[in-house]
Asker: 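Sending over a structure as structure tokens; questions will come in a sec.
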Amino acid sequence: MLPRAVATSSESALSGNLSALSGRAGVPLLLPIKAEAYGHGLGVIAPLAARHADVWGLAVATPQEAAQVAAMRLGKPVVLLTPPAPEEVGPLADLGVRIPVASPAEAEALPDHARAHLKVDTGMNRLGARPEEAVRVGQRLAERGLLEGAYTHFASADEPDLSFSEEQFRRFQGVLAALPPLLAHASNGGGILSFGKLPQMSLARPGLASYGFAPPHLAGVLPLRPVMTMQARVNQIHTVYAGESVSYNGLWTAQKETQVAVLGMGYADGYPRNATLKASVLIGGERRPTLGRICMDQMMVDISGLEVQVGDWATLWDAGQITVSDVAGWGDTIEYEVLTGLGPRVERRAGA
Ligand SMILES: *Cc1c(COP(=O)(O)O)cnc(C)c1O
């Protein structure tokens, strides 16, 4: 069957973003491809990323994702960023997946062929060992010959005030000073854009920035380009007359005769329902408003006066007039949530 909605990822945009981010960080990238590569499609992005010279490895959030990427045999290391269950450690190590470690018990439980990345909690207070404990765990991993890397994560590197990130980095450096040389990584996208090169770092982990988005105050730092073009098919066209309303609860009523196109994407596919009465799309060469409630499987658009046929495609966002940032704003959310919320009915494709 034909897809109703297609998300196409631009290889050249991704490649340019990765080169720019790696250049600014001064180190190769451990590219986050968790959550279906921020919604772009793991199967689309992982092979493109693995071919890129500035990508050292691929970072995932779950053991399932780790196993999926390892099975692709892309020739680059896969690093798991969140703790596996004890019974998952052996199978992950067998697949060559790098395992996050944050406690003495986890360090002891690793098999001898595992490779570990020590997770240091420097103030995010989500995952990892506090600095003093991290030193002990790291030294034990090093004794066992299993310590490949160490990392921490910034809680607020996307904000203009960097004082907490700087404090986090000082704590991380304190831990590194007590360990043998290893692959150290800290910066996410906000960290790279804010700090550029950081001393002692071997890798950086830009997620959203790799896919083309920067926090507003850092927008000019690098020429990042949105990777995804999101399109939905016109499934029906009809006319409504003055006084008639469209969609649930009659939130929009026609003032005059209006041509309506019904697009094959709704909130079940990840288009934010909160964008109701705010959202526009690009269709027939123009920017046109949506009409009434965004539905589960559909959204309606005013195409009066346009040459649009059933089977044509509307662009919901791309790198031009309407971006994910606009859609996130209309939906009272953030780019991360719109992209990662794209549903399984959206077909993912690679494009030029
Ligand atoms: C998701 C994630 C990143 C990427 O963060 P961005 O804000 O998208 O750059 C980096 N490191 C860790 C540990 C993460 O979980």
Side-chain angles (χ1 to χ4, degrees), residues 14 17-18 20-22 24-25 27-40 42 45-46 49 54-66 69 77-84 97-102 116-129 134 149-160 162 164-165 168-169 172 183-196 198 201-219 221-222 224 226-228 324-325 328 333-342:
L14 178 69
N17 295 342
L18 298 178
L21 287 158
S22 175
R24 181 164 169 82
V27 291
L29 304 179
L30 170 52
L31 181 70
I33 55 167
K34 55 190 177 178
E36 286 293 330
Y38 286 55
H40 295 66
L42 193 59
I45 297 296
D54 297 324
V55 172
W56 173 84
L58 303 167
V60 295
T62 70
Q64 284 82 356
E65 291 172 339
V69 179
V78 178
V79 180
L80 177 61
L81 295 173
T82 67
V97 172
R98 276 57 168 181
I99 297 168
V101 174
H117 283 227
L118 174 69
K119 178 67 192 282
V120 186
D121 183 359
T122 55
M124 173 97 173
N125 291 322
R126 182 176 65 179
L127 292 173
Y151 68 112
T152 193
H153 190 48
F154 293 129
S156 330
D158 57 344
E159 289 177 17
L162 293 171
F164 189 63
S165 302
Q168 285 192 272
F169 192 66
F172 188 43
L183 295 175
H185 42 111
S187 275
N188 55 0
I192 295 176
L193 294 168
S194 298
F195 293 122
L198 281 171
M201 293 302 102
S202 329
L203 301 168
R205 307 183 308 270
L208 191 68
S210 301
Y211 303 100
F213 296 92
H217 72 286
L218 298 169
V221 174
L222 289 177
L224 301 175
V227 169
M228 184 189 291
V324 174
S325 309
T333 182
I334 56 175
E335 293 97 342
Y336 293 84
E337 195 179 37
V338 175
L339 290 170
T340 61
L342 290 175

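Every number for a ligand or one of its atoms is a count from 1 in the order of the listing. All of these numbers come straight from a predicted model, not from anything done at the bench.
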Asker: Consider every N or O of Gly189 and every N or O of ligand 1, then say whether any pair is closer than 3.5 Å.
Answerer: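 Looking only at distances, the answer is yes, because the N/O contact criterion of under 3.5 Å is met.
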Asker: Please report which non-hydrogen protein atom sits nearest to atom 3 (C) of ligand 1, along with the residue it belongs to and the distance in Å to one decimal place.
Answerer: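 Heavy-atom neighbour on the protein nearest atom 3 (C) of ligand 1: Lys34 NZ, 3.7 Å.
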Asker: For ligand 1, which atoms, with element, lie under 4.0 Å from some heavy atom of Arg126?
Answerer: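 So the answer, numbered in order with elements, is 15 (O).
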Asker: Less than 4.5 Å apart, any side-chain heavy atom of Pro226 and any of Val324?
Answerer: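 Heavy-atom side-chain distance check fails, nothing below 4.5 Å.
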Asker: So which atom in Arg126 and which in His153 form the shortest heavy-atom distance, rounded to 0.1 Å?
Answerer: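 Closest approach of Arg126 to His153: NH2-CD2, 3.2 Å.
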Asker: Could you check whether any side-chain heavy atom of Leu342 comes within less than 4.5 Å of a side-chain heavy atom of Glu36, counting everything from C-beta outward?
Answerer: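 Leu342 does not reach Glu36 side chain to side chain.
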Asker: Hey, is Met124 touching ligand 1 through its side chain, its backbone, both or neither, going by heavy atoms under 4.0 Å?
Answerer: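 The answer is neither; Met124 stays 4.0 Å or more away.
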Asker: Would you please determine whether His185 falls within less than 4.0 Å of ligand 1 on a heavy-atom basis?
Answerer: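 Outside the 4.0 Å threshold, so no.
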Asker: Would one find an N or O of Ala209, backbone or side chain, under 3.5 Å from an N or O of ligand 1?
Answerer: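 No - when backbone and side-chain N and O of Ala209 are compared with those of ligand 1, no distance drops under 3.5 Å.
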Asker: Examine distances only and state if a side-chain atom of Ser22 and a backbone atom of Leu29 form a donor-acceptor pair shorter than 3.5 Å.
Answerer: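 Answer holds: no.
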Asker: With the side chain counted from C-beta on, respond yes when Leu198 and Ser187 share a heavy-atom pair under 4.5 Å apart, and no when they do not.
Answerer: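 Answer yes - side chains close enough.
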Asker: Provide, to 0.1 Å, the distance between atom 4 (C) of ligand 1 and the closest protein heavy atom, together with that atom's residue and name.
Answerer: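 Nearest neighbour among protein heavy atoms for atom 4 (C) of ligand 1, to 0.1 Å: Tyr38 OH, 3.3 Å.
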Asker: Parallel under 30°, tilted from 30 to 60°, perpendicular over 60°: which one fits the rings of Tyr151 and His185?
Answerer: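 Parallel: the ring planes of Tyr151 and His185 meet at under 30°.
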Asker: What protein heavy atom is closest to atom 7 (O) of ligand 1, reported as residue, atom name and distance in Å?
Answerer: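 Going by distance alone, atom 7 (O) of ligand 1 is nearest to Tyr336 OH, 2.6 Å.
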Asker: Looking only at non-hydrogen atoms, find the nearest pair between Ala49 and Leu31 and report the distance.
Answerer: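 Minimum heavy-atom contact is CB-CD2, 3.4 Å.
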Asker: Looking only at protein heavy atoms, which one is nearest to atom 11 (N) of ligand 1, and how far off is it?
Answerer: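 Of every protein heavy atom, Arg205 NE, 2.8 Å lies nearest to atom 11 (N) of ligand 1.
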Asker: Have a look at ligand 1 and work out which part of His153, if any, has a heavy atom under 4.0 Å from it: side chain, backbone, both or neither.
Answerer: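 Contact part for His153 vs ligand 1: side chain (C-beta onward).
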Asker: Need the ligand 1 atom indices (1-based, order shown) with element for anything under 4.0 Å from a heavy-atom of Leu208.
Answerer: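 Close to Leu208: 6 (P), 8 (O), 9 (O).
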Asker: Between atom CZ of Phe213 and atom OH of Tyr38, what is the distance when rounded to the nearest 0.5 Å?
Answerer: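 If I round to the nearest 0.5 Å, the distance is 12.5 Å.
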Asker: In ligand 1, which numbered atoms sit nearer than 4.0 Å to a non-hydrogen atom of Gly207?
Answerer: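 In order of numbering, the contacting atoms are 4 (C), 6 (P), 8 (O), 9 (O).
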